[in-house]
2 protein chains.
Amino acid sequence: MASVSVRDVAALAGVSMGTVSNVLNHPDKVSSATVARVQSAVEKLGFVPNGVARQLRAGISNSIGLVVLDAANPFFTDLASGAEARAAERHHTVLVGNSSQDPARETAYLDLFEQQRVRGVLLSPVGDVLPRLERLHHRGIPSVLVDRQAGDPGFSSVSVDDVAGGRLATTHLVSLGHRRIVFVGGPFRLRQVSDRLAGARSATKHRPDTSIEFVETESLTVEAGHTAGQEIRARTTNDRPDAVFAANDLVALGLLQAFMHQGSIKVPEEIALIGYDDITFASAAVVPLSSVRQPSHRIGSTSVELLLREADGGKEPRHIVFQPELVVRASTGR
Amino acid sequence: MASVSVRDVAALAGVSMGTVSNVLNHPDKVSSATVARVQSAVEKLGFVPNGVARQLRAGISNSIGLVVLDAANPFFTDLASGAEARAAERHHTVLVGNSSQDPARETAYLDLFEQQRVRGVLLSPVGDVLPRLERLHHRGIPSVLVDRQAGDPGFSSVSVDDVAGGRLATTHLVSLGHRRIVFVGGPFRLRQVSDRLAGARSATKHRPDTSIEFVETESLTVEAGHTAGQEIRARTTNDRPDAVFAANDLVALGLLQAFMHQGSIKVPEEIALIGYDDITFASAAVVPLSSVRQPSHRIGSTSVELLLREADGGKEPRHIVFQPELVVRASTGR
DNA sequence: GCGCCGTATTGATTCGTTTCAATATCGAAT
DNA sequence: ATTCGATATTGAAACGAATCAATACGGCGC
């Protein structure tokens with residue numbers, strides 16, 4: 001019942017296996033009469049070529065591996081959909097792995113992709129992956145760092161200037177008159193977080209009347225934001241900040257939920273709030289959320305672009321940096 | 001420079017390919033001295049077994065294909081994460097495809113999975129896929145319908161009783177005194193939509209004082225909801241419903257955005273609103289959203305469970321139906 | 001010293017496809 | 001009639017690992 005192979009098709013059509021293969025892949029090399037005969041045999045047997053065997057023979061697949069930090073974050077689903085779209089145009093497939101910010105899972109996916117001999121790897125890294133990428137590179141598997149500038153210029157990268165984004169958000173808060181700012185996000189070892197934080201710091205550096213405090217969270221989720229928000233809500237009014245900059249919108253939404261609980265803290269009157277990523281849900285939040293927009297879809301498509309360029313030609317690595325954009329909504333007053 | 005194979009490892013270790021393979025897969029069959037020698041050769045050469053070759057030889061992969069209706073919908077990302085977690089426990093990998101409610105893309109992913117000879121397929125269908133699944137089944141690839149009861153009992157399914165869910169939501173609206181209800185969602189050909197709608201209808205059937213109207217959208221997205229909301233907002237006050245039941249939370253959030261625009265319609269005072277799925281963002285919305293909760297994570301893990309059972313033992317198909325749960329928040333008053 | 005048994009190891013074959021040099025076929029040109 | 005060329009087709013050799021019957025190697029009892 002199981003598998004019909006080219007052999008069976010060839011037998012039924014009365015030709016050799018090579019000819020069947022040619023009908024499938026180079027129909028122009030085969031006389032039209034034979035093409036017809038083979039195709040009807042394919043039809044009759046319900047033959048579907050075995051992609052695994054094909055890939056083994058070809059030596060390289062047309063799949064691209066993508067490891068994201070958090071599949072539940074709309075920023076990454078947008079990014080992934082951008083990557084998929086571009087890949088589909090080039091007849092490639094994207095395999096998405098979710099590291100959930102766990103270095104072990106990240107490694108597991110890299111192992112899988114290496115074993116599967118994917119065409120290349122797109123990665124928004126958690127752990128220290130450079131040695132790993134070296135190894136992949138050495139094996140002929142190129143990689144592109146996504147949403148993070150390469151520490152090592154040896155690897156291509158597509159990123160957004162997170163320092164600029166952090167500065168944008170913070171400058172905006174300061175310009176509204178806020179002086180006591182809290183940055184919420186984490187873990188700080190994530191580049192996205194530390195860069196946005198650095199931007200925040202640089203925006204306040206030359207303003208001695210402002211202060212900036214850092215609250216580290218375990219992850220960049222709604223839940224983590226909610227926890228941090230409860231901590232802030234528990235403070236006495238005097239100890240509270242007058243503005244909060246969240247490392248991403250999920251955290252911001254969690255904070256917002258905590259602040260609004262029983263109406264304890266009014267946003268933006270008592271505390272102004274700004275997030276990062278401008279996910280779809282930001283504008284539909286209890287208090288529509290100000291945010292820093294990133295071109296998530298384009299990041300994905302551009303990454304694939306770079307990756308395939310490298311996989312094909314072997315050009316030297318490139319670095320593309322997009323600029324973020326401030327989006328002002330009700331959560332920072334106006 | 002590329003690939004080191006078992007052959008190279010065997011040569012360096014001074015053993016046969018068969019022995020290398022045994023070290024990798026049945027270390028107990030090999031003397032410990034040889035194991036050590038082979039492992040050091042593996043180390044030295046940086047050998048990573050070729051998963052593609054392995055799979056070809058094995059004849060079956062340990063990947064599971066999953067096709068979702070909308071990867072941007074948190075309901076499906078939760079479902080996928082449930083599936084991944086369960087699959088990982090069983091040493092399987094989930095390949096996620098996003099059909100975006102497009103039958104052509106759905107078919108493309110099924111083609112891919114068939115060519116890749118995956119272990120099985122999880123599918124939340126858009127088009128008429130039963131013939132396709134028959135074919136897969138005939139080829140020895142089992143499938144499980146996800147988030148939809150099988151029309152054909154020949155295939156296993158894991159679903160939520162959407163009719164009950166629709167009834168739950170609508171009964172709730174009626175019990176709050178709402179009499180003029182609009183159901184927003186689409187396309188109606190999606191089972192999820194038509195079932196929820198059927199539930200809504202059944203809840204109002206024996207109440208001649210209530211009316212229910214159906215507004216069909218092109219898809220189940222925030223944007224589609226927003227468009228439908230603008231249409232409703234454009235009506236004269238007399239023509240407006242006093243409650244809206246959205247086919248999912250994304251649509252509900254879109255509606256909410258449209259209603260709140262310049263404060264034109266107050267929720268829930270002028271129009272009560274209830275969604276479906278209870279995604280994370282529902283509780284953080286402008287007006288926290290009432291919804292119908294589904295056990296998305298468990299749906300995913302249970303699906304994998306059923307699929308692997310079928311892939312292993314070949315037991316007869318099973319049908320699991322979860323019950324939805326009403327979650328009341330501010331958007332339906334109280 | 002011989003046969004026997006269990007453990008270790010080998011080497012050839014298989015999985016299903018693509019590739020490519022070799023061959024077959026046929027018409028046109030010499 | 002023979003050669004040349006172009007076009008179609010063939011068949012065998014890869015790709016890289018897993019399997020399994022066959023063999024080698026010891027040690028043991030007799």
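Residue numbers start from 1 in every chain, and the chains themselves are labelled A, B, ... in the order their sequence lines are given, proteins ahead of strands. What you are looking at is a predicted structure, and each value in this text was computed from that prediction instead of being measured.
Atom CD of A:Gln55 and atom C1' of C:dT17 are 12 Å apart (whole Å). C:dT19 atom C1' lies 12 Å from atom NZ of A:Lys29, rounded to whole Å. Taking atom CG of B:Asn22 as the reference point, atom C1' of D:dA21 lies 13 Å away to the nearest angstrom. Across the protein-nucleic acid pair, B:Gln115 atom CD and C:dT17 atom P stand 10 Å apart, rounded to whole Å. Summarising the geometry, the separation between CZ on B:Arg7 and P on C:dA12 is reported as 11 Å, rounded to the nearest angstrom. With rounding to whole Å, B:Arg139 atom CZ is found 13 Å from C:dG16 atom C1'. A straight line from CG of A:Leu24 to P of C:dT17 spans 9 Å, rounded to a whole angstrom. Taking atom CZ of A:Arg117 as the reference point, atom P of C:dT17 lies 21 Å away to the nearest angstrom.
Nucleic acid contact for B:Arg57: base, since at least one base atom lies under 4.0 Å from a heavy atom of the residue. Across all strands, B:Gly18 comes closer than 4.0 Å to base atoms (heavy-atom distances). Within the nucleic acid shown, A:Ser31 comes within 4.0 Å of sugar-phosphate atoms alone, with no base atom in reach, counting heavy atoms only. Contacts of A:Val20 with the nucleic acid, taken as non-hydrogen atoms under 4.0 Å apart, are absent. Within the nucleic acid shown, B:Val15 comes within 4.0 Å of sugar-phosphate atoms alone, with no base atom in reach, counting heavy atoms only.
In terms of phosphate contacts, B:Ser3 brings no side-chain nitrogen or oxygen within less than 4.0 Å of OP1 or OP2 of D:dC15. In this model, the phosphate group of D:dA17 is not approached by any side-chain N or O of B:Asn50 to a distance below 4.0 Å at OP1 or OP2. OP1 or OP2 of D:dC15 has not a single side-chain nitrogen or oxygen of B:Ser5 nearer than 4.0 Å. Look at B:Ser16 and you won't find any side-chain N or O under 4.0 angstrom from OP1 or OP2 of C:dG11. For the pair B:His26 and D:dT19, the criterion of a side-chain N or O lying under 4.0 Å from OP1 or OP2 is met. OP1 or OP2 of C:dT18 lies within a sub-4.0 Å distance of a side-chain N or O belonging to A:Ser21.
Listed for the B:His92 side chain is a donor-acceptor partner under 3.5 Å among the backbone atoms of B:Asn62. No donor-acceptor distance shorter than 3.5 angstrom exists from the side chain of A:Asn22 to the backbone of A:Val30, with no hydrogens or angles considered. Panel note: side chain B:Ser5, backbone B:Arg7; a donor-acceptor pair is recorded below 3.5 Å. At distances below 3.5 Å, at least one donor-acceptor pair connects side-chain atoms of B:Glu106 with backbone N or O atoms of B:Val126.
Proximity note for A:Met17 (side chain, C-beta onward) versus C:dT9, C:dT18, D:dG16: the nearest is C:dT18.
Comparing B:Val30 and A:Leu56 against DNA chain C, the residue whose closest nucleotide sits nearer the 5' end is B:Val30.
Using a 4.5 Å heavy-atom cutoff, the side chains of B:Leu220 and B:Gln101 are in contact.
In this structure, a donor-acceptor pair under 3.5 Å is present between the side chains of B:Gln192 and B:Asp147.
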